[in-house]
A.B. asks: 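Below: one structure in structure tokens.
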Amino acid sequence: MRQEFYKLLTKEFKTNPKLVIVLGDIGVHSLKECFDHDPKRIINIGICEQAMIGVCAGLADAGFRVVVHSIAPFVTERCYEQLKLLAYERKNVCIVSVGGSYNYAKLGITHHCPNDIAILSKIPGMLVTCPRNAIEAIDCVTFVRELFPGPMYVRLEEKESTGPFLINKYSTNGVVYVLGCGIKNRERFKDINAQIIFTNTPSIESFLHGLRYRKWLDHVTYEHRKLITVIEPCADSGMLSQLVRMYRNIERIEYIGVPNRFIDKYGSQDEIDKYLNLDDDSIYNRLEELYGTIN
Amino acid sequence: MTRQELIKHIITCAYKNKAGHIAPALSILQILMTMYNDVLKPDDQFILSKGHGCLALYAVLMDKGILSEEEFYTFTQFESILGGHPSSRKIPDVKLSTGSLGHGLPFAVGLAMARKINNLPGIVYCLIGDGEANEGSIWEAVAIAGHRYLDNIVCIVDNNKSSERALEIDRKGSSIADKFSAFHWSTYCGGDSLVYLEPAMRNNGTTTKAVIIDTIKGHGCRPMENDPSWHHRQPKTEEELNQLLSEIY
């Protein structure tokens with residue numbers, strides 16, 4: 001997904017003279033074509049994330065559409081106050097991270113970042129997205145930000161999620177709300193007796209959801225007042241509390257996500273998924289317990 | 001208005017509204033007067049990174065007719081556009097909301113880099129404090145600008161040495177100027193009088209420049225000078241106010 005995103009970003013860079021890319025010393029080799037095309041507009045700023053966000057604010061102030069890119073903990077937690085100011089100043093900066101949650105499982109907790117979505121969602125005016133593939137990610141960098149002036153967070157997952165970002169099927173048993181790559185193989189869940197919504201924004205009041213799903217979700221939750229389950233590839237993004245605030249008639253709510261504790265294991269991302277019961281099999285079993293299956 | 005008249009307004013305004021960092025404002029007042037009266041040209045931009053000195057900025061903007069006296073005296077009131085730290089959302093002449101330290105210089109570097117990309121003229125000036133230079137983000141920005149040989153940015157350091165109480169940045173054998181020089185900046189250092197610093201502040205577009213000005217916290221009002229207790233307090237009584245106003249020089 002990351003390499004595919006770089007290709008699409010390179011294409012956008014070549015056609016959009018207003019786009020400036022700022023790198024926190026990653027992606028330099030993969031974006032070499034951009035350096036060759038216009039070295040003034042792509043800047044490897046170095047390893048200095050706090051100043052990096054401030055520099056991006058200055059570039060955006062001059063009218064550039066800035067994409068800043070680094071590893072999730074460094075471009076979110078390390079420079080959180082700078083991001084707050086970026087949102088207050090309504091600067092058009094798109095923060096693209098890689099390595100969210102525990103994509104870099106082998107590198108240990110300094111490189112884990114399950115809280116990125118949770119903390120960025122708390123900044124007023126910050127649009128937070130979790131695209132499921134490179135095409136959705138480049139859409140965020142291009143047309144979504146045209147409609148949403150101000151900073152935007154795009155969390156690139158290591159692996160793509162399949163299928164369109166749409167509803168699985170109709171059922172009255174309840175709703176499973178899946179953020180980004182919370183489920184890796186959508187097809188695996190076809191027989192769960194619940195409506196499954198795949199989305200790429202943790203804020204159900206925010207732009208993408210509001211445009212496509214709000215009315216539908218209103219209908220389902222109001223009419224059936226059933227069980228709602230939220231699945232996220234991160235720590236609690238705040239979606240649970242939003243749902244409770246919006247739909248007070250929900251009978252029961254469940255949560256499947258990264259627990260609020262340090263992950264003291266290494267290995268692969270899949271191994272950590274399994275360790276935390278966030279692999280597709282574990283999620284399937286949990287949903288089967290909650291909703292049952294068709295046939 | 002004279003510097004003495006502006007000091008009078010600053011102290012009186014802080015007294016009336018029971019708010020404001022008077023001594024830090026007086027520390028930078030002369031610098032801001034020079035900036036707005038003699039240095040800034042239409043293509044230039046100015047960022048006040050040490051936002052807590054904003055009473056001096058507001059006073060100078062009042063002097064320039066950008067703010068009315070009536071607006072100036074609404075400082076920190078509920079509906080005022082003038083907060084205890086300046087907000088870009090409220091004051092058109094303020095480019096960046098500051099207050100939390102260490103944000104202004106990185107932003108100024110971004111503005112300067114944007115000018116380079118667009119081949120635009122003009123200099124970006126950023127005023128920081130020596131205490132603010134405790135912040136790592138300041139030195140990140142200094143490293144970025146030095147590395148990229150940005151010749152369209154000038155960092156002015158209000159070196160009032162009040163940070164000696166915390167982390168001392170300017171010390172014998174390793175001055176602030178030395179630290180900027182280590183990152184390939186040209187440095188100009190001087191006393192409170194800006195007479196000979198003014199030419200240095202007029203960047204001639206040859207190198208990244210830092211102008212380190214030795215100032216006095218509370219400068220211009222004798223009882224406040226170098227008294228740390230005046231960092232963030234205001235006169236408590238009319239009598240104390242009048243006594244302070246009588247000590248302005």
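So you know, we letter chains A, B, ... as the sequences are listed, proteins then strands, and number each from 1. Values in this document were obtained by computation on a predicted structure and should not be read as measured data.
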A.B. asks: Please round to the nearest 0.5 Å and tell me the distance separating atom CD1 of A:Ile45 and atom NE2 of B:His147.
C.D. replies: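 The distance works out to 9.0 Å.
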A.B. asks: Using a cut-off of 6.0 Å, state whether more than 12 heavy atoms not belonging to A:Lys84 lie near its atom NZ.
C.D. replies: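 No - once you tally the heavy atoms of other residues, nucleotides and ligands closer than 6.0 Å, there are 12 at most.
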A.B. asks: Would one find more than 12 heavy atoms of other residues, nucleotides or ligands at under 6.0 Å from atom CZ of A:Arg90?
C.D. replies: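 Atom CZ in A:Arg90 is not crowded, with 12 or fewer foreign heavy atoms closer than 6.0 Å.
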A.B. asks: Got a sec: does the CG of A:Asp36 have more than 12 other heavy atoms crowding it under 6.0 Å?
C.D. replies: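 Count over threshold, so yes.
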A.B. asks: If you tally heavy-atom pairs under 4.5 Å against chain A, which of B:Ser97, B:Ala112, B:Ala143, B:Gly136 wins?
C.D. replies: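 Heavy-atom pair counts peak at B:Ser97.
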A.B. asks: Tell me the closest heavy-atom pair linking B:Pro106 and A:Ala51, and the distance in Å.
C.D. replies: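 Closest pair (atom of B:Pro106, atom of A:Ala51, distance): CB-O, 3.6 Å.
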A.B. asks: Quick one: does A:Glu89's side chain get under 4.5 Å of B:Ser88's, heavy atoms only?
C.D. replies: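 The answer is yes, as the side chains (C-beta and beyond) meet within the 4.5 Å cut-off.
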A.B. asks: Give the minimum heavy-atom separation between A:Ala62 and B:Ala114, together with the two atoms involved.
C.D. replies: CB-CB, 3.3 Å
A.B. asks: Among B:Ile138, B:Val109, B:Ile117, which residue forms the greatest number of heavy-atom pairs with chain A at distances under 4.5 Å?
C.D. replies: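 If we count pairs closer than 4.5 Å to chain A, B:Ile117 comes out on top.
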A.B. asks: Chain B heavy atoms under 4.5 Å from A:Glu49: which part of the residue, side chain, backbone, both or neither?
C.D. replies: backbone
A.B. asks: Check whether any side-chain heavy atom of B:Ser137 lies under 4.5 Å from a side-chain heavy atom of A:Gln82, and answer yes or no.
C.D. replies: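 Yes, close enough: below the 4.5 Å cut-off.
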A.B. asks: So does B:Lys18 have more than 12 non-hydrogen atoms from other groups sitting under 6.0 Å from NZ?
C.D. replies: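 Yes, NZ of B:Lys18 has more than 12 neighbouring heavy atoms, counting only those of other groups under 6.0 Å.
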A.B. asks: Please confirm whether the backbone N or O of A:Met52 pairs with a side-chain atom of B:Glu140, one donor and one acceptor, at under 3.5 Å?
C.D. replies: no
A.B. asks: With a 4.5 angstrom heavy-atom cut-off, is it the side chain or the backbone of A:Val22 that approaches chain B, or both, or neither?
C.D. replies: neither
A.B. asks: Which region of B:Ile144, side chain (C-beta onward) or backbone (N, CA, C, O), has a non-hydrogen atom less than 4.5 Å from a non-hydrogen atom of chain A, or is it both or neither?
C.D. replies: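 Only the side chain of B:Ile144 comes within 4.5 Å of chain A.
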A.B. asks: Looking at side-chain heavy atoms only, is the closest gap between B:Ser100 and A:Leu85 below 4.5 Å?
C.D. replies: no
A.B. asks: Does B:Glu71 CD have over 12 foreign heavy atoms under 6.0 Å away?
C.D. replies: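 Counting other residues, nucleotides and ligands, CD of B:Glu71 exceeds 12 neighbours.
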A.B. asks: Among B:Leu96, B:Thr98, B:Leu105, B:Val124, which residue forms the greatest number of heavy-atom pairs with chain A at distances under 4.5 Å?
C.D. replies: B:Leu96
A.B. asks: Is atom CG of A:Leu107 surrounded by more than 12 heavy atoms (other residues, nucleotides or ligands) closer than 6.0 Å?
C.D. replies: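 Counting other residues, nucleotides and ligands, CG of A:Leu107 exceeds 12 neighbours.
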A.B. asks: Can you tell which part of B:Arg148 gets under 4.5 Å to a heavy atom of chain A, answering side chain, backbone, both or neither?
C.D. replies: side chain
A.B. asks: Please state whether the side chain, the backbone, both or neither of B:Leu120 comes within less than 4.5 Å of a heavy atom of chain A.
C.D. replies: neither
A.B. asks: Does atom NZ of A:Lys32 have more than 12 heavy-atom neighbours, drawn from other residues, nucleotides or ligands, at distances under 6.0 Å?
C.D. replies: no
A.B. asks: Counting only heavy atoms from other residues, nucleotides and ligands, does the tally under 6.0 Å from CZ of A:Arg2 exceed 12?
C.D. replies: yes
A.B. asks: Please classify the contact between B:Lys116 and chain A as side chain, backbone, both or neither, with a heavy-atom cut-off of under 4.5 Å.
C.D. replies: backbone
A.B. asks: Check the pair A:Lys91, B:Phe107 against side-chain contact (heavy atoms from CB on, under 4.5 Å), reporting the backbone distance first and the verdict last.
C.D. replies: CA-CA 11 Å; A:Lys91 298 300 182 211; B:Phe107 179 75; 4.1 Å; yes
